Amino acid sequence: MPLEYYLLLSAILFSIGAYGVISKRNAIRMLMSIEIMLNSANINLVAFSSYNTPFSLTGQVFVTFTISVAAAEAAVGLAIFIGIYRAYKDIDLEKIATLKW
Amino acid sequence: MIDFRPFAYLIPILPILGFLLCLLFGKYSWRRGGMFANLTIFGSLIISLGILYNVYFQGMSFYEKSWNWFYPGIVFGIVVDPLSIVMVCMVSFVGLLIHIFAIGYMGEDPDKFLYFGETALFTGAMLGLVLSNNFIQLFLFWELVGLCSYLLIGFWWYKPEAAAAAKKAWMFCVVGDSLFLLGIVIVYNYMFSAPGITEPITFSQIFSSLETGVIPPPMLTLVSLLTLAGVCGKSAQFPLHGWIPDAMEGPTTVSALIHAATMVTAGIYLVARTFPIFMAAPNALWVVAIVGGFTALLTATMGLVVNDLKRVLAYSTISQLGYMLCMLGVGAAIGAYAVGYSIFHLISHAFFKALLFLGAGCILHGLWNIRSIKEMGGLRDKMRITSITMLIGALTLAGFPLTSGFYSKDKIIESAYEYGEIASKTGGLVHYLPWIFLIFGVFLTATYTFRMYFLAFTGKPKTYLAEHAHEPKPISSMIMPLIILAACSLIFGILTQTKFYDFLSTTFTTTTAYMSALNFEHLAKMGGNPYGLEHVETPLYIELLPTVFVFLGIGIAGYIYFNNRVDVGKYIKKGNPIYKIVWNKYHLDYVYRNLVAEKFIITLVILWDVFDLYVIDGVVNGISWLTVKSGTVIRRVQTGVVQNYATVILLGIVLLLTVIWYFGV
Amino acid sequence: MYISAILSILLIGSIIAFLTRTREQARIVAVTASWIALGLATIMFLNYDPSKGLNNFKEFYNWIPSIGISYHVGVDGIGLPMVLLTVLVSALCAIYAWGEKHRPNEFFGILLLMNFALTGVFVSLDFFLFFIFWELVLIPMFFFIGIWGGPRKDYSAIKFIIYTHVGSVIMLLGIFAMYHFHGKATGIYTFDMVTLLSAYSTIPLQGIWKDFIFASLLFSFLIKMPAVPFHTWLPDAHVEAPTIGSILLAGVLLKMGGYGLFRFLIPMIPNAHHFFVYAIAIFGLVSILYSPLAALAQPDLKKLVAFSSIGHMGFISLGVAASIAAGHEIPRIFAQSGAMFQLFSHGIITSVLFGSCGVIEHHTGTRIIQDLGGLAKKMPKFTFLMVAGFFASMGLPGMSGFVAEFSVLAGSYPQLPYFVIIAIISIPLTAAYHLWALQRAMFGPYNEYLGDITEATWYELTALLIWILLILALGIYPTPLFNIMRSTAGSLTSILPIGGIQL
């Protein structure tokens with residue numbers, strides 16, 4: 001299977017994730033979209049790794065790192081959202097725009 | 001006899017030292033400072049007389065010495081020549097008498113020590129001015145004299161009129177002084193690079209280089225006229241004469257000092273000192289003669305209508321200064337002797353004017369500061385010595401025969417006629433103008449002087465205070481100076497006259513170590529002045545004319561005012577247009593104060609302030625307003641919604657990638 | 001070592017003053033430190049050697065050699081009088097402020113810090129060091145206005161700091177441009193002033209860059225002086241600043257601009273556009289005429305005095321322009337040393353004026369001229385000193401202002417006659433606003449609404465008296481100071497093309 005297919009899949013996933021990050025007003029959905037974007041990057045890493053250096057696992061090792069970091073990030077993110085929810089009784093991203101000018 | 005000339009620098013320094021002593025210890029000393037002022041000025045007088053003896057009787061040479069000041073060529077120095085010698089003698093002598101008078105006159109004034117300090121400084125400044133051998137030092141003392149007059153006119157500063165008069169005096173003077181300063185700057189400009197000049201602002205070097213044309217003649221005229229502007233301010237000549245009547249708000253002794261010894265004579269002295277420059281400058285002396293003559297006549301008419309005793313005297317001073325200035329002006333046809341004639345009148349004027357003012361001081365002292373002659377009357381019997389000495393003063397002022405005023409004024413009018421005769425041959429009949437001004441001035445002078453004298457001293461007392469007037473004790477510090485001055489007024493003219501002229505005319509025409517003799521005929525030729533062209537004999541009737549006018553003036557004044565024989569109010573109503581114009585001082589005060597100062601300057605500065613606040617500062621604040629405003633608009637980009645930021649970041653990346661892809665890396 | 005000693009004494013004194021607990025301790029620290037500094041500066045003055053120029057009291061240590069920054073200090077005939085003026089005015093300010101009650105230890109600490117920064121400006125011979133001091137000056141001044149100021153202190157403090165900072169930033173660009181082009185041309189990257197200024201003429205550059213460098217420095221100095229029309233921060237800052245702040249602001253801080261003209265612009269000008277000679281002269285002349293007219297309209301005594309500063313600083317610009325224009329050597333040096341002398345003389349004269357405004361404000365509670373009147377009755381001694389100060393400001397001969405202004409006028413006339421003739425007009429106007437203010441505020445009948453006021457305190461009178469005596473001393477015998485300035489003026493004008501710049 002040619003590399004392009006993996007990259008195409010990764011690009012589609014990235015675009016879906018980016019669309020989600022930009023358009024979803026619910027924080028949980030946004031977090032999920034970020035995860036999708038991260039995973040598209042992971043696919044790229046694995047794909048390049050197996051095509052360029054088939055006998056070493058650099059890309060795969062990196063991906064495991066990324067997944068664990070992403071998990072930690074999701075945990076921190078969710079914790080923040082719980083905090084926000086406690087403060088605002090809502091996690092609608094447009095309503096918590098206190099950083100505005 | 002010891003040589004006093006090297007000690008000449010002490011003449012101004014001693015009174016200035018007296019000023020410091022008065023300021024520091026005056027409060028606790030004898031007569032509250034009067035001691036220091038009188039002793040130091042007495043010291044100056046001794047040295048001055050010593051120098052006079054050295055130079056006149058022992059025939060020692062003139063003397064000049066310079067010390068370097070702050071820049072090469074800018075020097076400090078003294079000059080001792082006949083002109084400065086007679087001036088320092090007069091200033092210290094008359095000044096001393098006025099100071100003695102002030103010991104009694106100032107009585108128990110709480111600021112007496114300050115008064116004596118300031119008058120000592122005043123005298124010292126005038127002495128320094130006279131002894132200056134260069135323009136800058138002269139200007140320094142010139143302004144110092146002005147400062148003292150400001151302080152002394154405003155001595156009773158709690159009176160609003162006194163504070164305003166002090167300011168007015170300074171403002172009139174400073175207009176002239178700033179122009180005079182410009183004149184000095186121009187002289188420096190031409191002199192500093194001239195060959196052989198080491199001290200470009202000393203009079204001797206300026207005079208020596210006149211004939212070589214270092215300063216081109218048109219510039220000489222400019223310098224002369226700028227100097228004349230300074231003179232007009234300080235000597236109260238038209239059109240800057242308006243400050244003198246107001247200056248009467250100071251103590252009377254101050255008026256005496258200002259009018260007789262220390263201030264207004266400075267201007268005349270300056271023209272006399274720089275006479276060679278005027279001589280070499282085309283048309284300058286003609287302007288001087290016209291300004292002097294016109295002032296002499298103009299202020300004499302003003303003297304006719306005022307009722308304030310001191311102001312009558314003030315106008316007479318301006319008028320007499322006009323005679324002196326006019327004399328220097330007509331010197332265009334007289335040459336070096338013009339200085340002698342003019343200074344002769346200056347000195348006789350110093351005696352009788354000091355006498356008149358001190359007499360007025362006695363009257364004011366006795367009448368609790370009533371100044372209107374309409375409220376006096378009959379003082380002849382109450383104040384006997386004062387009335388006699390005042391009569392001598394008035395006769396001298398009017399130019400009554402055999403008094404010193406007669407000799408000095410006669411010479412001036414004769415010279416003016418001579419000038420008219422000579423100059424009108426080439427320049428037209430207009431050159432008779434100074435003589436016409438002066439001859440009518442004589443008549444008016446006699447009239448207003450005796451109007452004042454008769455109103456104050458004859459007739460019946462018009463007020464309660466005048467009835468109960470009293471004179472200071474005969475042997476007191478207030479009466480002695482009057483007697484001495486009266487004696488001087490009487491005999492000075494008879495005694496000195498020709499000797500005086502001869503002595504003073506050597507000022508510029510003697511070769512000394514520091515200056516070679518000036519040839520006035522060459523200078524006159526440079527300036528196109530008629531001196532040396534021919535000599536004119538004055539006809540007898542012209543010589544007698546002033547005397548006739550004096551008698552006529554006194555006679556008319558006596559006819560109307562002696563014992564209040566005629567009620568003038570019947571003939572001249574308050575609404576008489578000519579009377580009104582003269583009473584309002586020809587509306588010059590109105591023009592200066594209401595039009596120039598209040599309307600023009602005040603409007604201008606208010607507009608200026610608005611311009612400053614709203615235009616210039618408006619631009620500054622406008623820029624800051626624009627910054628803040630644009631900030632409030634642009635900050636709306638910061639929506640606070642994270643997703644918007646993410647969108648922009650994404651778009652940015654896409655744009656960046658497109659650019660890189662399109663243009664290559 | 002003298003310069004470093006002065007700087008360190010002032011800095012250490014400032015820190016100690018901040019750390020003290022009571023007013024008594026703080027003011028003793030301030031007075032001690034500033035008077036030691038004054039003593040050291042006087043010793044420098046006595047040991048100054050005119051022939052050595054900028055090498056007098058020179059100290060040179062490498063600081064950041066990789067980019068050519070060094071600790072290089074020294075003084076010449078313009079720097080030394082400025083140092084003397086700074087420590088002198090600060091030392092007298094420390095006495096004048098003896099009775100300060102509001103946050104006194106910080107007050108005296110800031111006073112010494114200000115003194116330190118100002119001294120640093122006048123001794124630095126390295127652009128980087130100079131710029132640090134130049135900016136450091138703003139900070140204590142900002143706090144002076146911001147903490148001890150009047151009702152609109154925030155507005156004024158911010159206006160002051162932003163306005164002058166704009167000038168500084170543009171100057172910084174000019175310095176960078178000089179640094180960069182010099183490094184590019186010679187391979188030596190250095191911030192050393194002497195090197196950069198002397199190389200300015202030899203660096204190959206297109207005209208526009210040279211003009212830009214010159215104009216950027218000029219702009220900064222004109223704001224600092226300040227010259228009309230960049231002056232509007234000054235009246236606002238003065239009106240709100242405390243008395244000491246005003247004295248230091250007008251007495252010393254403005255002099256940084258004038259100092260800059262002599263230190264940087266005159267050595268640079270032969271290679272700048274001739275247009276700049278006229279520009280400097282016109283800025284000077286406009287300031288000279290503008291200030292008395294604006295001052296006449298001011299109801300506030302302090303604002304009036306603030307405007308008088310603008311006019312006096314105009315004489316400096318005029319003198320500088322005249323000293324670089326074509327003409328004979330004698331008047332050019334005369335004008336330039338006169339302008340230098342005006343820097344010093346105005347520093348002490350304006351201190352008296354602002355000190356007097358401060359006394360009036362402390363004792364009557366107002367500075368509005370209309371509300372005063374007849375103060376001479378209650379404060380005779382103070383009135384005497386104040387009148388002396390006002391006359392000094394009017395340029396009365398025998399006082400230092402006359403020496404300066406006469407030198408500028410007499411030295412400028414040969415090169416720029418019409419400028420001098422127009423400048424003369426300002427003399428009566430200057431006299432007018434001074435005398436009018438005196439008449440309304442000090443003379444006439446006492447204004448009873450002011451209540452029972454007292455004579456100025458001993459420390460105020462002492463400080464004012466010393467200033468007045470200095471003004472008199474410099475007016476009567478200016479020679480020692482004038483000679484030092486003249487030696488430097490001579491060396492500065494000798495850099496110029498023969499006979500100055502043809503206009």
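Numbers restart at 1 for each chain; the letters A, B, ... are given by sequence-line order, proteins then strands. No experiment lies behind these values; they were computed from the predicted model shown.
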Visitor: For chain B, which of C:Pro380, C:Ala423, C:Ala432 has the most heavy-atom pairs under 4.5 Å?
Guide: C:Ala432
Visitor: Taking B:Trp156, B:Tyr158, B:Phe141 one by one, which has the highest count of heavy-atom pairs under 4.5 Å against chain C?
Guide: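 Ranked by heavy-atom pairs under 4.5 Å with chain C, first place is B:Tyr158.
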Visitor: So, taking the atom named CG in C:Leu409 and the one named OH in B:Tyr188, what distance separates them when rounded to the nearest 0.5 Å?
Guide: 12.5 Å
Visitor: When only pairs under 4.5 Å are counted, which of B:Ser193, B:Gly146, B:Gly154, B:Ala164 shares the most heavy-atom pairs with chain C?
Guide: B:Ala164
Visitor: Measuring from atom CZ of B:Phe611 to atom OH of C:Tyr290, what distance do you get when rounded to the nearest 0.5 angstrom?
Guide: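 Answer rounded to 0.5 Å: 5.5 Å.
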Visitor: Name the region of C:Tyr433, side chain, backbone, both or neither, that has any atom closer than 4.5 Å to a heavy atom of chain B.
Guide: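 Contact with chain B involves no heavy atom of C:Tyr433 at all.
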Visitor: So B:Phe70 and C:Phe341, ring-ring contact (aromatic ring centres under 6.0 Å, His included) or not? Walk me through it.
Guide: CA-CA 11 Å; B:Phe70 59 91; C:Phe341 199 78; 7.5 Å; no
Visitor: Could you tell me which of C:Met394, C:Gln439, C:Gln298 has the largest number of non-hydrogen atom pairs under 4.5 Å with chain B?
Guide: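 The residue among C:Met394, C:Gln439, C:Gln298 with the greatest pair count is C:Gln439.
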Visitor: Taking the side chain as everything from C-beta on, heavy atoms only, tell me whether C:Lys159 gets closer than 4.5 Å to B:Asp617.
Guide: yes
Visitor: Any chance you could measure B:Ile74, atom CD1, to C:Thr479, atom OG1, to the nearest 0.5 Å?
Guide: 11.0 Å
Visitor: Heavy-atom distances under 4.5 Å only: say whether C:Tyr446 touches chain B with side chain, backbone, both or neither.
Guide: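 When you check distances to chain B, no heavy atom of C:Tyr446 falls under 4.5 Å.
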Visitor: Do the non-hydrogen side-chain atoms of C:Phe391 and B:Tyr150 ever get within less than 4.5 Å of each other?
Guide: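 A side-chain contact exists here, since the closest heavy-atom pair is under 4.5 Å.
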Visitor: Does anything in residues 167-178 of chain B get under 4.5 Å of chain C by heavy atoms, and if so which residues?
Guide: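 At a heavy-atom separation under 4.5 Å, chain C is reached by B:Lys167, B:Trp170, B:Met171, B:Val174, B:Val175, B:Ser178.
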Visitor: Less than 4.5 Å to any heavy atom of chain B: does that hold for the side chain of C:Ile162, its backbone, both, or neither?
Guide: neither
Visitor: Taking every non-hydrogen pair under 4.5 Å, which of C:Ile427, C:Val228, C:Leu396, C:Leu429 racks up the most with chain B?
Guide: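 That would be C:Leu396.
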Visitor: Is chain C contacted by the side chain of B:Ile623, its backbone, both, or neither, given a heavy-atom distance below 4.5 Å?
Guide: neither
Visitor: Under a 4.5 Å heavy-atom cut-off, does chain B meet the side chain of C:Ser426, its backbone, both or neither?
Guide: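 Contact with chain B: none, neither part.
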Visitor: I'd like to check B:Trp608 versus C:Leu296 (side-chain heavy atoms, cut-off strictly below 4.5 Å). Are they in contact?
Guide: no
Visitor: Answer with side chain, backbone, both or neither: which region of C:Phe443 has an atom nearer than 4.5 Å to a non-hydrogen atom of chain B?
Guide: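 For C:Phe443, backbone and side chain are both near chain B.
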Visitor: Among C:Ala294, C:Pro445, C:Pro417, C:Gly395, who wins on heavy-atom pairs under 4.5 Å with chain B?
Guide: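 The candidate making the most pairs under 4.5 Å is C:Pro445.
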Visitor: Under 4.5 Å from any heavy atom of chain B, what part of C:Trp436 do you find: side chain, backbone, both or neither?
Guide: both
Visitor: Answer whether the closest heavy-atom distance between the side chains of B:Trp157 and C:Val387 falls below 4.5 Å.
Guide: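 When only atoms from C-beta onward are counted, C:Val387 and B:Trp157 do not touch, as no gap falls below 4.5 Å.
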Visitor: Given heavy-atom pairs under 4.5 angstrom as the criterion, report whether the side chain, backbone, both or neither of B:Ile201 touches chain C.
Guide: neither
Visitor: Any side-chain heavy-atom pair from C:Phe406 and B:Ile184 closer than 4.5 angstrom?
Guide: yes
Visitor: Hey, which of B:Ala162, B:Ser624, B:Gly73, B:Pro160 has the most heavy atom pairs under 4.5 Å with chain C?
Guide: B:Pro160
Visitor: Any non-hydrogen side-chain atom of C:Ser337 less than 4.5 Å from a side-chain atom of B:Tyr71?
Guide: yes
Visitor: Salt bridge check: are C:Lys303 and B:Asp609 linked by an N-O gap of less than 4.0 Å?
Guide: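 A salt bridge is absent here (no side-chain N lies under 4.0 Å from a carboxylate O).
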Visitor: Which of the residues C:Val403, C:Val420, C:Ile421 is involved in the greatest number of heavy-atom pairs with chain B at under 4.5 angstrom?
Guide: C:Val403
Visitor: Between atom CG of B:Leu604 and atom CG of C:Leu293, what is the distance when rounded to the nearest 0.5 Å?
Guide: 5.5 Å
Visitor: So, taking the atom named CG in B:Asp612 and the one named NE2 in C:His231, what distance separates them when rounded to the nearest 0.5 Å?
Guide: 3.5 Å
Visitor: Top residue by heavy-atom pair count (under 4.5 Å) with chain C, among B:Asn68, B:Ile186, B:Leu144, B:Asp111?
Guide: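 Highest number of pairs under 4.5 Å: B:Ile186.
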Visitor: Are any non-hydrogen side-chain atoms of C:Phe402 and B:Phe139 less than 4.5 angstrom apart?
Guide: yes
Visitor: With the side chain counted from C-beta on, respond yes when B:Asn621 and C:Tyr155 share a heavy-atom pair under 4.5 Å apart, and no when they do not.
Guide: yes
